[in-house]
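Residue numbers start from 1 in every chain, and the chains themselves are labelled A, B, ... in the order their sequence lines are given, proteins ahead of strands.
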2 protein chains.
Amino acid sequence: MSAATTEMATTAGETYSPRQNAVLESALALLVEGGERALTTAGVARAANCSKESLYKWFGDRDGLLAAMITFQSSQVRAEPQSSGAVGRAALRAQLIGIGANLLRVLAGDMSLALNRLAIGQARRDEAKLGRLLREHGRKPIETRLSALLEAGRAAGLIAFDDTREAYRTLYGLVVRDMHVRLLLGDGLDDQSPAARAEQAIDQFLRLYGAERTTGLSPEGRHGTGPAPERAGAGNERTG
Amino acid sequence: MSAATTEMATTAGETYSPRQNAVLESALALLVEGGERALTTAGVARAANCSKESLYKWFGDRDGLLAAMITFQSSQVRAEPQSSGAVGRAALRAQLIGIGANLLRVLAGDMSLALNRLAIGQARRDEAKLGRLLREHGRKPIETRLSALLEAGRAAGLIAFDDTREAYRTLYGLVVRDMHVRLLLGDGLDDQSPAARAEQAIDQFLRLYGAERTTGLSPEGRHGTGPAPERAGAGNERTG
DNA sequence: AATGCAGCGTACCGTACGGTACGGTTCCTT
DNA sequence: AAGGAACCGTACCGTACGGTACGCTGCATT
């Protein structure tokens, strides 16, 4: 923190000076510890040993600070080097399980939960600036990476699907289920380890999308989306 | 509002008088419209034409009001009469699709989103009173209902699973995927209709758990949970 | 050495909110 | 008719927060 204060830090778009980074880290720590209510401008200034005036000069206002925290945190996160080895059946499975387990660990992390709670708490019916930022910086990357892997698997003839996004979402649902929202609501983690959970989910996914051995499926059973019986649900529950 | 102010409203646990119900409805409307920041005691009092003093007498403090809003809202929601007709293959599928579509509609509703945003925004790493309330009142019911249906299907030999909760969660994940969190973060709805989405998901679920026609699955492929290769994920992403 | 800039710490201001107190009104009870 | 309970509307209080202004220090340039 003392070495090089002069270096400008490649100011590309949303990058900040080292001093500002340190301040943002303090703010993030504060957020993780005490939630949004702990994120007062005075509190951040005190925790980071900087002046409120500097905060406002650097980030504009409180919302700017919150936005900066999100972009900063996501910039800190670099995806692993994408081990793009040749894809075999087992290798694909292993890679999917690895990414799935990683996803679970990320979502269950204190930092991720705190930022998601912050963005969700701010979101209104129409406006959701922080939410958009978080979707853009937090979810897009993993979707891109997973989608690429899925398409590689398809190219290798290991899995079959028409719509990549559809397949990705199914995979996501099988892996994460309702864990994320439950954690956001303060529930505890599952007893199952991320690796075990991911393995189970990936095996289910491969059972649905695998193309290695033509199972005894009815021909129309693969991506059926035909007109449904509709059976309009009777009740009127509203409290998910 | 004038008719019967004397009737006590079966005061069982968390029930309120008609006047209080009306106040809570106003508060909920306020929450849906403007988010948590719109939920000031003065604002609620003004919107409901009541005095702040009454608010504090009835609900204790602001947190008590928030809790009351959740319990009230969930009390308003009664599950549909559970059409417990005889279960056939098609009937089970139709019922599952109906419940799934209903679930999607509920989760995407303004009221549900507003309450979830409220509870999530309040939640901290340790304390999450509202979150627990919401999980208890909002999610338990549908889990119970769906689980009962699944077990009925299993009893009829239509589907096979060991752990009901596991099966329920898989179903939930296939139906909801990441839609809920995306909506909470302010994203728009999918273009796909709830009914179509539910149908697709249920068909996937039945493909995984269906027992009607023994498909060409490897014997161990059903609920495999054996020790995994572990492949510890390399990266250190944190920003879900 | 003189100058200037960036930033720290503090004091300050206006506002908005949670919570309380009080007077007046309506309606029920006796 | 008298008394009282519930409740509305408003005024009030203390606090805490977002945002601004100012004086001071340390460092870099020249």
S.K.: With a 6.0 Å cut-off (strictly less than), is the heavy-atom count around CZ of B/Arg37, excluding the residue itself, greater than 12?
M.R.: no

S.K.: Once you round it to whole Å, what is the distance between C1' of D/dC17 and NZ of A/Lys52?
M.R.: 7 Å

S.K.: Under 4.0 Å between a side-chain N/O of B/Arg19 and OP1 or OP2 of D/dC8, yes or no?
M.R.: yes

S.K.: To the nearest angstrom, how far is A/Leu55 atom CG from D/dT20 atom C1'?
M.R.: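 Interatomic distance, CG of A/Leu55 to C1' of D/dT20: 13 Å.
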
S.K.: Taking only N and O in the side chain of B/Thr41, is any of them less than 4.0 Å away from OP1 or OP2 of C/dG18?
M.R.: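 Checking B/Thr41 against C/dG18: at least one side-chain N or O falls below 4.0 Å of OP1 or OP2.
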
S.K.: To the nearest Å, how far apart are B/Leu30 CG and C/dC17 P?
M.R.: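 Nearest whole value for this atom pair: 11 Å.
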
S.K.: Round to the nearest Å and state the distance from B/Asn49 atom CG to C/dT26 atom P.
M.R.: 15 Å

S.K.: Can we say A/Lys140 and A/Glu136 salt-bridge, meaning some charged N sits less than 4.0 Å from an Asp/Glu carboxylate O?
M.R.: yes

S.K.: Taking atom OG of B/Ser147 and atom CD1 of B/Ile142, what is their separation to the nearest 0.5 Å?
M.R.: 10.0 Å

S.K.: Taking CZ from A/Arg37 and C1' from D/dG18, how many angstroms apart are they, rounded to a whole number?
M.R.: 16 Å

S.K.: Please report, rounded to the nearest Å, how far the P atom of C/dC5 is from the NZ atom of A/Lys57.
M.R.: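 These atoms are roughly 11 Å apart.
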
S.K.: Output the single nucleotide from C/dG7, C/dT20, D/dA21 whose closest atom is nearest the side chain of A/Glu53.
M.R.: D/dA21

S.K.: Would you confirm whether A/Asn116, through its side chain, and A/Ser112, through its main-chain N or O, come within 3.5 Å as a donor-acceptor pair?
M.R.: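 Checked: pair present.
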
S.K.: For A/Asp63 and D/dC17, what is the distance between atoms CG and P respectively, to the nearest whole Å?
M.R.: 16 Å

S.K.: According to ring pair (Phe, Tyr, Trp, His ring centres under 6.0 Å), who are the partners of B/Tyr56, at least two apart in sequence or on a separate chain?
M.R.: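 Testing B/Tyr56 for ring pair (Phe, Tyr, Trp, His ring centres under 6.0 Å), a comparison that skips the adjacent residues, returns none.
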
S.K.: Rounded off to whole Å, could you give me the CZ-to-P distance for the B/Arg46 and C/dA16 pair?
M.R.: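 Distance, rounded to whole Å: 11 Å.
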
S.K.: Side chain of A/Ser54: nearest nucleotide among C/dG18, C/dG7, D/dG18?
M.R.: C/dG7

S.K.: Enter the distance from A/Leu185:CG to B/Leu134:CG here, rounded to the nearest 0.5 Å.
M.R.: 5.5 Å

S.K.: Using C1' atoms of five pairs at each end, report the bend of the helix from C/dA1-D/dT30 to C/dT30-D/dA1 rounded to 10 degrees.
M.R.: 10°

S.K.: Quick check on D/dC7: is either OP1 or OP2 less than 4.0 Å from any side-chain nitrogen or oxygen of B/Trp58?
M.R.: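 Answer yes for this pair, as a side-chain N or O of B/Trp58 is under 4.0 Å from OP1 or OP2.
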
S.K.: Inspect the contact between A/Arg135 and B/Asp187 and indicate whether a charged nitrogen and a carboxylate oxygen are less than 4.0 angstrom apart.
M.R.: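 Answer for the salt bridge query: yes.
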
S.K.: Hey, which sits more toward the 5' end of DNA chain C by its nearest nucleotide, B/Ser51 or B/Tyr56?
M.R.: B/Tyr56

